[in-house]
Amino acid sequence: KAGVTQTPRYLIKTRGQQVTLSCSPISGHRSVSWYQQTPGQGLQFLFEYFSETQRNKGNFPGRFSGRQFSNSRSEMNVSTLELGDSALYLCASSLKPGASEKLFFGSGTQLSVL
Amino acid sequence: SQQGEEDPQALSIQEGENATMNCSYKTSINNLQWYRQNSGRGLVHLILIRSNEREKHSGRLRVTLDTSKKSSSLLITASRAADTASYFCATDRLGGLGTASKLTFGTGTRLQVTL
């Protein structure tokens with residue numbers, strides 16, 4: 001069974017641009033969560049989707065948005081990029097939503113904002 | 001904000017030795033999970049322990065949970081060079097009335113196992 005796939009693996013953008021990251025969960029997993037990881041802030045929860053509905057959201061500005069499609073694939077978008085958005089963005093899938101579930105992570109997208 | 005704080009921040013041991021990492025958290029939880037992350041990669045789930053459990057084993061891993069002290073420990077016995085990674089605890093702090101719970105990660109312990 002294929003694992004969680006995130007594309008692209010690396011991305012370089014400039015301030016003010018926008019970016020879309022993609023995540024394909026493990027087959028059969030309907031819940032997808034996104035995390036931002038930086039050396040200073042560690043792993044910060046962005047949002048969780050289940051059955052195309054945002055179930056939970058972290059404390060990030062409205063520039064960060066996401067969605068989930070009917071096949072459970074998910075995308076997250078960051079508009080008007082800032083230098084501080086440089087981070088490793090991790091996607092995780094699970095069979096069901098909720099914090100009691102075991103998460104399966106992708107390898108992440110390393111975003112650099114110049 | 002971080003729910004969990006791991007201690008120590010970094011740990012260096014020799015192959016064959018045991019490694020112990022601790023995690024403290026602030027609010028009541030339903031369960032606690034431990035994950036491992038190799039440099040620049042995704043996290044891998046190691047073990048989940050529920051609030052009504054005190055100890056759990058998985059291979060060379062032993063996890064304890066003390067809800068009265070709001071702390072957990074991860075013990076890796078007979079460590080190997082391949083255990084070199086960052087280790088994170090994660091808790092399911094409730095998001096508040098009417099909101100779904102979310103998994104909140106600690107700051108991590110960087111473990112270096114040398115030959």
Side-chain angles (χ1 to χ4, degrees), chain A residues 2-7 9-10 21 23-26 29 31-51 53-60 86-112, chain B residues 1-7 9-10 23-25 27-53 56 58 61 63 65 85-110:
Chain A
V4 178
T5 304
Q6 288 189 249
T7 56
R9 182 74 178 94
Y10 300 95
L21 311 181
C23 172
S24 293
I26 290 173
H29 285 194
S31 179
V32 173
S33 300
W34 289 88
Y35 286 83
Q36 180 197 65
Q37 185 177 28
T38 60
Q41 296 297 316
L43 280 149
Q44 300 287 322
F45 173 78
L46 281 158
F47 20 67
E48 178 188 36
Y49 286 88
F50 178 71
S51 293
T53 301
Q54 187 179 87
R55 189 172 178 274
N56 208 343
K57 189 178 190 300
N59 295 322
F60 279 82
S86 294
L88 179 66
Y89 289 88
L90 292 163
C91 164
S93 74
S94 58
L95 282 168
K96 298 181 292 183
S100 297
E101 295 296 308
K102 172 182 175 180
L103 297 183
F104 293 81
F105 281 83
S107 296
T109 294
Q110 184 67 55
L111 172 64
S112 297
Chain B
S1 62
Q2 298 296 340
Q3 157 76 321
E5 296 284 339
E6 278 91 338
D7 167 58
Q9 287 188 337
C23 168
S24 59
Y25 55 92
T27 63
S28 296
I29 61 172
N30 289 320
N31 62 68
L32 185 145
Q33 302 184 44
W34 283 91
Y35 286 81
R36 184 187 76 203
Q37 182 181 35
N38 290 88
S39 181
R41 309 293 291 184
L43 282 74
V44 175
H45 180 269
L46 295 176
I47 201 162
L48 181 152
I49 185 166
R50 303 193 187 284
S51 60
N52 61 353
E53 297 175 310
K56 207 161 182 180
S58 177
L61 305 180
V63 168
L65 180 64
S86 290
Y87 292 82
F88 296 87
C89 66
T91 55
D92 67 336
R93 179 176 60 175
L94 288 175
L97 186 64
T99 64
S101 62
K102 59 184 181 182
L103 200 60
T104 306
F105 285 83
T107 51
T109 291
R110 292 186 307 277

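Reminder, nothing fancy here: chain letters follow the sequence lines and each chain counts from 1.
- A:Ser100 OG to B:Leu32 CG: the interatomic distance, rounded to the nearest 0.5 Å, is 11.5 Å.
- Put simply, the side chain of B:Tyr35 reaches to within 4.5 Å of the side chain of A:Leu103, judged on heavy atoms.
- Proximity to chain A (any heavy atom under 4.5 Å) is restricted, for B:Leu48, to the side chain, taken from C-beta onward.
- Contact of A:Glu101 with chain B is made through the backbone alone, with heavy-atom distances under 4.5 Å.
- Note: A:Gln41 CD to B:Thr107 OG1 = 11.5 Å, rounded to the nearest 0.5 Å.
- Heavy-atom neighbours of B:Glu53 CD from other residues, nucleotides or ligands within 6.0 Å: above the threshold of 12.
- Interface check for chain B: of the options A:Gln6, A:Gln110, A:Gln37, the most heavy-atom pairs under 4.5 Å are formed by A:Gln37.
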